[in-house]
Amino acid sequence: MAASAMILSLATDKSLILIDELGRGTSPEEGIGISHAIAEELIHRKVVDAFVLFATHYQDLSTTLSRYPSVINLHLAVQNNLRANGFKLKFQLLDGFSDTVPHYGLELARLADLPQDVLTEAKRVAERLSEMEAERREASRSTKIQTRRKAMLSLKTQLTQALDHSKLPDEALAAYLLTLQKEIVNVLTDTAEEPEDG
């Protein structure tokens, strides 16, 4: 982090900035957040002519930063070459996003000849963690849908009551309806579904 702070404070339009695996040692969410914020800061700085190479394993950054015209996404394609004395990885720099398979590390572990029982357990744990994350996302989605439905039903009830029973003067009724509008917009905004990864 100290190196990142130094880069941000000293970068000029003549700088060559190399950043590798920023956010390592943090949680994935924190690492992505820190990496995104620093990348965005470099994009927005007046160091327009600086060349920045930002290497990361956070694939989400490819999506979140791709809206900037100055950002070019590249990835390393890997070819595994098995040999009698082990394996050799050949890398090629390609345009666009990486389409690597999930749990790529498990494939590397297999190529490194880890014992089969270790590979089996590693795969079981990785798959279970992926399932738990998918369940968490679905539960979050279901909760959001339920909150939206409750808010809409409540709005319907309030509007029906205002229509059928309100004796408020026009200005007071308009203020009440504006309050309802703000409340429903807040609920719908807070529970908006995030775009799916893809």
Side-chain angles (χ1 to χ4, degrees), residues 1-83 85-114 119 122-123 125-134 136-137 140-141 189-198:
M1 301 296 172
S4 299
M6 184 178 70
I7 288 170
L8 290 175
S9 66
L10 298 176
T12 71
D13 61 346
K14 305 255 189 260
S15 296
L16 169 62
I17 302 168
L18 305 174
I19 298 177
D20 184 32
E21 294 299 345
L22 180 64
R24 188 168 251 175
T26 65
S27 72
E29 295 81 7
E30 289 175 335
I32 291 170
I34 291 166
S35 297
H36 177 90
I38 289 174
E40 205 167 54
E41 180 66 17
L42 289 168
I43 291 167
H44 292 304
R45 291 244 170 167
K46 296 199 184 324
V47 289
V48 180
D49 294 330
F51 184 83
V52 180
L53 181 61
F54 200 105
T56 181
H57 64 285
Y58 297 127
Q59 291 188 354
D60 294 332
L61 289 180
S62 296
T63 304
T64 62
L65 296 173
S66 64
R67 68 178 185 260
Y68 295 105
S70 61
V71 172
I72 299 171
N73 282 300
L74 302 170
H75 71 277
L76 284 175
V78 181
Q79 179 184 6
N80 304 324
N81 293 320
L82 293 174
R83 297 178 171 183
N85 61 347
F87 65 94
K88 182 178 181 182
L89 300 176
K90 288 187 178 180
F91 298 96
Q92 184 177 10
L93 192 61
L94 298 176
D95 191 30
F97 304 109
S98 173
D99 59 356
T100 56
V101 294
H103 309 304
Y104 177 70
L106 294 175
E107 178 64 15
L108 288 178
R110 184 186 67 76
L111 291 171
D113 285 333
L114 285 179
L119 293 172
K123 182 178 180 183
V125 169
E127 287 175 349
R128 181 62 189 134
L129 289 172
S130 293
E131 288 170 11
M132 288 170 59
E133 176 61 17
R136 185 196 64 77
R137 286 185 182 186
S140 174
R141 182 177 178 273
T189 301
D190 291 344
T191 58
E193 291 198 35
E194 298 171 11
E196 292 198 18
D197 298 338

Contact between [X] and [Y] at the side-chain level, heavy atoms closer than 4.5 Å - yes or no?
X   : Y   : result
F54 : L22 : yes
L42 : I19 : yes
N73 : S66 : yes
M1  : T26 : yes

Quiz item: Taking the six-membered ring for Trp, is the centroid-to-centroid distance between Y68 and H44 below 6.0 Å?
Solution: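 Yes.
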Quiz item: Residues in side chain to side chain contact (heavy atoms under 4.5 Å, CB included) with L119, at least two apart?
Solution: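 For L119, the residues satisfying side chain to side chain contact (heavy atoms under 4.5 Å, CB included) (neighbours in sequence not counted) are A109, R110, L114, Q116.
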Quiz item: With sequence neighbours excluded, what pairs up with R128 under the side chain to side chain contact (heavy atoms under 4.5 Å, CB included) test?
Solution: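 Expected list: E131, M132, E135.
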Quiz item: For L74 and D95, what are the C-alpha separation, side-chain angles and deciding distance, and is it a side-chain contact (heavy atoms from CB on, under 4.5 Å)?
Solution: CA-CA 5 Å; L74 302 170; D95 191 30; 3.8 Å; yes
Quiz prompt | S140 side-chain N/O to R136 backbone N/O, donor-acceptor pair under 3.5 Å | solution =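 No; zero donor-acceptor contacts below 3.5 Å.
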Quiz item: Hey, does the side chain of S35 reach the backbone of I32 with a donor-acceptor pair shorter than 3.5 angstrom?
Solution: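 No, the answer is negative, given that no donor and acceptor are paired below the 3.5 Å cut-off.
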Any chance you could measure [X], atom [atom1], to [Y], atom [atom2], to the nearest 0.5 Å?
X   : Y   : atom1 : atom2 : value
F51 : D13 : CZ    : CG    : 15.0 Å
L61 : T56 : CG    : OG1   : 5.0 Å
I38 : I17 : CD1   : CD1   : 11.5 Å

Quiz item: More than 12 heavy atoms of other residues, nucleotides or ligands under 6.0 Å from CG of L10: is that the case?
Solution: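 Yes, the 6.0 Å shell around CG holds more than 12 heavy atoms from other groups.
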Exercise. Please name all residues satisfying salt bridge (Lys or Arg N to Asp or Glu O under 4.0 Å) with R67, sequence neighbours left out, ordered by chain then number.
Key: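 Result, salt bridge (Lys or Arg N to Asp or Glu O under 4.0 Å) vs R67: E40.
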Exercise. Identify the heavy atoms of T64 and H36 that sit nearest to each other, and give their distance.
Key: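 The answer is OG1-ND1, 3.0 Å.
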